[in-house]
2 protein chains.
Amino acid sequence: MLDIWTLRVLVEVADQGSFSGAASKLSMTQPAVSRQIAGMERRVGVSLFRRVPRGVHLTTAGEVAVGQAREILARMQALEARLGSFTDLETGHLRLSAFPSANTSFMPDAIRRMNEAYPGVTQSLVRIEPGEALSAIRDGTVDLGLVTAWELHPNLVAAKYSPPAWTIRSRPSKAWSSFRCWTKNCWSVCRPGIDSRISPGSDCAS
Amino acid sequence: MLDIWTLRVLVEVADQGSFSGAASKLSMTQPAVSRQIAGMERRVGVSLFRRVPRGVHLTTAGEVAVGQAREILARMQALEARLGSFTDLETGHLRLSAFPSANTSFMPDAIRRMNEAYPGVTQSLVRIEPGEALSAIRDGTVDLGLVTAWELHPNLVAAKYSPPAWTIRSRPSKAWSSFRCWTKNCWSVCRPGIDSRISPGSDCAS
DNA sequence: AACGCTTACGTGAGTCGTAATAATC
DNA sequence: GATTATTACGACTCACGTAAGCGTT
């Protein structure tokens, strides 16, 4: 059985036309993409890309694979969205945390928008020591936190310099289910079940 | 992004109605299945199964998930089959190996059927030391080998006692792309690209 | 020299199996 | 007591990032 993440890498390489471009988009390194594609080609026994001087080109088998991969990825996203709709935000309490400067900039507006969207949900702003936000989410101390890009992943700091910079990395770790870009340096990380119901405001780059 | 293997476990649990039953079918242990489902429930934030005394029952969210998972799995299988058709067995050479008793029982008939199906492909029977078959396939020394169940995976020995015993385990390791049951104790393991083009004869249980 | 893909190697995350525990019939 | 799900723990596999190598423009 092939892997979903492998398909994600496959279509990104096809879209970008090069391994390095796809790596940048996916917040990975070139060698990682190279290995992913090489591994998939070895498993299916067919060459999917023809390596050309300026990047890669799809082979006939690659065209077929990319087409089917797009459908599978779309269905997987639909499944996740459908399951996400089962978690009700009708009532309950949400524990938020943010780093100091975000507490005075993004947080007030985000809380205001949340109150409008989900009137039944109360929030509390939890104070978290710097560098402890991710572990607090993993441990269940808070439900959603705003963290700096470097705190989320060192690689994002490097990735942000090459446009398009603030794409959502599609392969979250087991510890958090999803994260989302507010600005180049400010990302939101959610506990499973919350996901992307709290979106950045219009004043954030997207 | 959810994992394909997780979906495979999900539908198997739904079909069997219990974690232990699914574990047996998938050649896994009970705790492994339990962790897989628990992890998926944590990621999507919804409970997929209701634990009842005699096993588990699907929740409403679980019903939706299983339905979509079936479609995704079917499309993934279709993709692999489609890509497999690109590897031509029109010409070439196939290096086979088997353990001693299989050399005199299954192999002669299998080679005869291969000659009929793929007249352009020549074969050679490679002598492999006992216990070296899997590593030989991984290293590329041979293309297809018949191995004993215990050699393939210790767990299969335990699994074979509970019918239906000889189902194809759907989660091959990175080293080999697929394997297939000929009898309870005899399995074929293929190098990537060959896959299941060489099928067991009618004299084998299936 | 610059750009892009590949390979080698050490490291960290994730999953498995075994064993022990709890709960239900 | 038998069956089933969960938790703890050690071991192993896999994928990543860093660094070095190779070919093309």
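All chains are named by letter (A, B, ...) in the order of the sequence lines, taking the proteins before the strands, and each is independently numbered beginning at 1. Every heavy atom of this structure was used, including side-chain atoms; hydrogens, water molecules and symmetry mates were not.
- A donor-acceptor contact under 3.5 Å is formed by the side chain of B:Arg35 with the base of C:dG17.
- Across the protein-nucleic acid pair, B:Met28 atom CE and D:dA5 atom P stand 13 Å apart, rounded to whole Å.
- Look at CZ on A:Phe19: it is 11 Å from P on C:dT7, rounded to the nearest Å.
- One interatomic measurement links the two molecules: CZ of A:Arg51 to C1' of D:dC22, which rounds to 15 Å at whole-angstrom precision.
- The backbone N or O of B:Leu2 sits less than 3.5 Å from a side-chain atom of A:Glu80, completing a donor-acceptor pair.
- Contacts between residues 55-67 of chain A and DNA chain D, defined by a heavy-atom separation under 4.0 Å, are absent.
- Toward the 5′ end of DNA chain D lies the nearest nucleotide of B:Pro31, the other residue of the pair A:Pro31 and B:Pro31 mapping further downstream.
- Listed pair B:Trp5 / D:dC14 fails the phosphate criterion, with no side-chain N or O lying under 4.0 Å from OP1 or OP2.
- Contact annotation: B:Gln30 side-chain N/O to C:dC16 OP1/OP2 distance is not under 4.0 Å.
- Identified under the side chain to side chain donor-acceptor pair (under 3.5 Å) test for residues 62-79 of chain B, with sequence neighbours left out: A:Glu71-B:Arg75, A:Arg75-B:Glu71, B:Asp15-B:Arg70.
- Atom pair A:Phe49:CZ and C:dT6:C1' shows a separation of 16 Å (rounding to whole Å applied).
- Here D:dA15 is the nucleotide among D:dA15, D:dA5, C:dC5 with the atom lying nearest to any side-chain atom of A:Arg43.
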Please produce a list of atom pairs where a protein N or O lies less than 3.5 Å from an N or O of nucleotides 22-25 of chain C.
none

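- In terms of modelled atom types and a separation under 3.5 Å, the side chain of A:Thr59 and the main chain of A:Ser47 share a donor-acceptor contact.
- Between the CG atom of A:Leu2 and the C1' atom of D:dC14 there is a distance of 16 Å, rounded to whole Å.
- Listed nucleotides: C:dC5, D:dG17, D:dA8. Nearest to the side chain of A:Thr29: D:dG17.
- For the pair B:Glu41 (side chain) and B:Phe49 (backbone), a donor-acceptor distance under 3.5 Å is present.
- For B:Ser34 and D:dT6, the shortest distance from a side-chain N or O to OP1 or OP2 is below 4.0 Å.
- Distance, B:Ile4 CD1 to C:dT15 P: 15 Å, rounded to whole Å.
- When all heavy atoms are compared, the tightest approach of B:Thr60 to A:Phe86 is CG2-CE2, 4.1 Å.
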- Message: Determine whether B:Arg8 and B:Asp3 satisfy the following criterion, side-chain contact (heavy atoms from CB on, under 4.5 Å), listing intermediate values before the conclusion.
- Response: CA-CA 9 Å; B:Arg8 182 79 179 80; B:Asp3 184 14; over 6 Å; no
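- In terms of modelled atom types and a separation under 3.5 Å, the side chain of A:Ser34 and the main chain of A:Gln30 share no donor-acceptor contact.
- Among all heavy-atom pairs drawn from A:Gly21 and A:Ser18, the shortest one is N-OG, 3.0 Å.
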- Quick one: do B:Val13 and B:Val11 satisfy side-chain contact (heavy atoms from CB on, under 4.5 Å)? Show the steps, please. CA-CA 5 Å; B:Val13 171; B:Val11 303; over 6 Å; no
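- Residue B:Gln16 contributes atom CD, which lies 14 Å from atom C1' of D:dT4 at whole-angstrom precision.
- Rounded to whole Å, atom P of C:dG17 lies 11 Å from atom CG of B:Leu26.
- A 6.0 Å sphere centred on CZ of B:Arg54 holds no more than 12 heavy atoms belonging to other residues, nucleotides or ligands.
- The side chain of A:Ser20 approaches C:dC5 more closely than any other nucleotide in the set C:dC5, C:dG17, D:dC16.
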